[in-house]
Protein chains: 2
Amino acid sequence: MVKTRDRILEATAELLRRKGYHGTGLKQIVKASEAPFGSIYHHFPGGKEELGAEAIRVAGRTYNALIQAFFENASDAAEATNAFFDGAGVVLEMTDYEDACPIATVALEVASVSEPMRAASGEVFESWIDDVTRDFETLGMPPERCRDVAIELLMLIEGAFLLCRSWKSIEPMKIAGSRAVDTVRAALIPS
Amino acid sequence: MVKTRDRILEATAELLRRKGYHGTGLKQIVKASEAPFGSIYHHFPGGKEELGAEAIRVAGRTYNALIQAFFENASDAAEATNAFFDGAGVVLEMTDYEDACPIATVALEVASVSEPMRAASGEVFESWIDDVTRDFETLGMPPERCRDVAIELLMLIEGAFLLCRSWKSIEPMKIAGSRAVDTVRAALIPS
DNA sequence: GTCTATAGAAGGATAGAC
DNA sequence: GTCTATCCTTCTATAGAC
């Protein structure tokens with residue numbers, strides 16, 4: 001049995017990714033989650049803002065798992081990077097450029113508008129960076145480089161998501177993936 | 001004398017950058033532009049969507065000018081790149097991380113929702129890429145590399161804007177700038 | 001053709017029945 | 001404590017006065 005609260009969070013995370021924060025209504029959320037309207041305010045007294053912040057964290061954890069699936073037990077950091085960017089491109093094409101980063105749209109929308117939601121998105125990005133940083137350390141990259149490389153990869157893929165969706169083309173993702181692999185490969189070589 | 005239509009477009013472009021598409025109401029636009037409500041539908045019969053698409057193009061042209069100010073008559077492509085990323089970081093800090101890309105938020109919001117606005121944002125990104133590509137050719141970069149380098153720079157700065165705003169930190173912009181300069185410098189060397 | 005008033009729907013939030 | 005009915009605001013859009 002799936003708890004009402006979890007259904008609400010799942011539905012919200014999904015709607016936020018596709019429609020953004022201001023594009024998602026509470027009424028859509030109750031419809032999608034098949035929950036009564038009052039349940040939102042029972043479980044999230046802070047209203048839409050509290051629900052949104054929590055949904056961002058839920059979406060973030062889903063992606064933590066995806067990241068770890070590619071990087072945690074990889075044999076080579078560069079190969080894992082290549083597979084990750086390739087996979088992102090495949091998903092983009094399969095979903096007609098709808099499924100990209102689950103929180104980027106919301107993060108930009110709320111950055112200067114809602115401090116709790118900005119903080120939530122910041123923590124999610126940080127947790128992704130932490131995952132990749134640790135994985136790169138495990139995979140033999142010099143520790144002092146790991147975090148910067150992880151941040152560069154995240155910037156490249158977020159930029160690629162933006163351009164790919166706006167152009168309906170995976171060309172940017174191919175360029176981003178190629179550059180990401182170059183960076184990882186270079187960082188792996190001890191200086 | 002400034003035409004009503006232009007005032008509406010300027011106000012819309014500014015609001016879209018700060019609040020996004022769904023976060024900006026037509027009533028805010030008429031208030032900010034000091035125009036009567038009916039004027040919007042007089043000048044933009046297609047309503048908010050047509051106005052939004054046009055405002056995206058206006059914002060795009062403003063940035064075309066900014067890009068050219070840095071790259072068009074530069075003496076060195078790498079130096080110009082460095083100055084551009086530095087400048088972006090300075091503006092972010094000065095505006096408490098509010099002023100970043102004028103169209104990124106809207107582009108993500110509308111990518112899967114409004115075809116006319118998606119097309120407009122795609123054209124704007126394309127025009128920025130075209131500018132930088134031409135400038136790099138002029139500055140001596142091998143022509144076959146210019147476009148890919150320009151796209152990489154755009155992805156890096158868009159990713160940096162996202163992370164900088166979510167973290168309220170310019171660390172990502174510094175990393176992005178550093179990597180961008182490295183890429184440009186490497187591309188300038190004939191192989 | 002400039003501007004006001006208002007329609008009609010959807011937004012977030014709340015009160016209170018059960 | 002689950003759920004419904006409803007409140008008030010804001011949204012986009014339009015009708016029509018001047």
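All values below were derived from every heavy atom in this structure, side-chain atoms included, with hydrogens, water molecules and symmetry-related copies excluded. Everything numeric in this text was worked out from a predicted model, so none of it was measured. Throughout, a chain's letter reflects where its sequence line sits, starting with A, and its residues are numbered from 1.
- Ion pairing between a basic and an acidic side chain is recognised when a charged N comes within 4.0 Å of a carboxylate O; B:R7 and B:E34 show no such pairing.
- When side chains are defined from C-beta on, A:L153 does not count as touching A:W128, because their heavy atoms never get closer than 4.5 Å.
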With a 3.5 Å cut-off and sequence neighbours excluded, list the donor-acceptor pairs that the side chains of residues 69-86 of chain B form with protein atoms.
residue	atom	partner	partner atom	Å
B:D76	OD2	B:A78	N	3.2
B:D76	OD2	B:E79	N	2.8
B:T81	OG1	B:A77	O	2.8

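- A:R145 is linked by a side-chain hydrogen bond (donor to acceptor under 3.5 Å, both in side chains) to A:S191, counting only residues two or more places apart in sequence or in another chain.
- No side-chain donor from either of B:E98 and A:S112 sits under 3.5 Å from a side-chain acceptor of the other.
- A cation-pi arrangement is absent between B:K48 and B:Y41, since the terminal nitrogen or guanidinium carbon is not both under 6.0 Å from the aromatic centre and inside a 45° cone about the axis.
- Among residue pairs with one or both ends in residues 148-165 of chain A, those qualifying as salt bridge (charged side-chain N to carboxylate O under 4.0 Å, His left out) are A:E152-B:R179; sequence neighbours excluded.
- Put simply, the residue from B:D131, B:T138, B:D130 that forms a side chain to side chain donor-acceptor pair (under 3.5 Å) with B:R134 is B:D131.
- Contacts between chain A and DNA chain C, taken as any atom within less than 4.0 angstrom of a protein heavy atom, begin and end at C:dG11 to C:dT14.
- Contacts between residues 42-56 of chain A and DNA chain D, defined by a heavy-atom separation below 4.0 Å, involve A:H42, listed by number.
- B:T105 and A:E109 form no side-chain donor-acceptor contact under 3.5 Å, judged by distance and modelled atom types alone.
- Within residues 23-40 of chain A, the residues having any heavy atom under 4.0 Å from DNA chain D are, by residue number, A:P36, A:F37, A:G38.
- One finds a salt bridge joining B:R147 and B:E126 here, because a Lys/Arg side-chain nitrogen approaches an Asp/Glu carboxylate oxygen to under 4.0 Å.
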